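Since the structure comes first, as structure tokens, the remarks are kept for the end.
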Amino acid sequence: MSTDKKADSLLKSTFWAILPAIVVAIVLFLVDRSSLELNVREKDNVATNFMGLFPERFFSEMFAPYELPLFNLILGLVIAFTIIVVVWQVIARAISNR
């Protein structure tokens with residue numbers, strides 16, 4: 001396999017790893033800007049309990065592209081997962097090319 005095809009394959013797989021993150025960000029943006037309201041109970045919500053692991057205002061002030069902290073949490077998890085997948089692909093390609 002030539003170097004151009006390997007680089008093209010890596011770019012293609014990276015694109016397909018990043019595309020779902022972009023789609024999720026767009027969907028969250030559209031829902032956040034619309035008049036739809038989520039019915040989220042504070043005490044029984046798994047996401048609220050998970051946000052308790054982070055500093056108190058992390059998803060409401062430091063990382064806040066959306067108005068709802070839940071959407072900020074979702075986007076943060078999607079971005080973290082996407083970075084892990086891309087790094088995993090690059091490492092797997094480097095190991096397979098040896």
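Predicted model, so just to flag it, every value in this text is computed and none were measured. The first residue of the sequence shown is numbered 1, and numbering continues consecutively from there. Basis for what follows: all heavy atoms, side chains included, without hydrogens, waters or symmetry-related copies.
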Check your understanding: Do I79 and F29 belong together in a cluster built from hydrophobic side chains that touch within less than 4.5 Å?
Key -> yes
Review point. What distance separates R93 CZ from T14 OG1, expressed to the nearest 0.5 Å?
Key: 8.0 Å
Check your understanding: Is there a path from L77 to V31 through hydrophobic residues (I, L, V, M, F, W, Y) whose side chains come within less than 4.5 Å of each other?
Key -> yes
Practice item. Output the distance between atom CG (L75) and atom OG1 (T82), rounded to the nearest 0.5 Å. Key: 9.0 Å
Review point. Do I74 and I26 sit in the same hydrophobic cluster, where Ile, Leu, Val, Met, Phe, Trp and Tyr count as joined when their side-chain heavy atoms come under 4.5 Å apart?
Key: yes
Review point. With no hydrogens and no angle check, is any side-chain donor or acceptor of D32 less than 3.5 Å from a backbone partner on Y66?
Key: no
Review point. Hey, quick one: are L10 and I84 part of the same hydrophobic cluster, counting side-chain heavy atoms closer than 4.5 Å, chains of contacts allowed?
Key: no
Practice item. Grab the two heavy atoms, one from V86 and one from A17, that are nearest each other, plus how far apart they are. Key: CG2-CB, 4.1 Å
**Study point:** Minimal non-hydrogen separation, A64 against N72, with atom names
**Key:** CA-ND2, 3.5 Å
Check your understanding: side-chain contact (heavy atoms from CB on, under 4.5 Å) between L19 and F15: does it pass, once the steps are laid out?
Key -> CA-CA 6 Å; L19 184 65; F15 171 77; 4.2 Å; yes
Review point. Same cluster for V24 and F81 if Ile/Leu/Val/Met/Phe/Trp/Tyr side chains link at under 4.5 Å?
Key: no
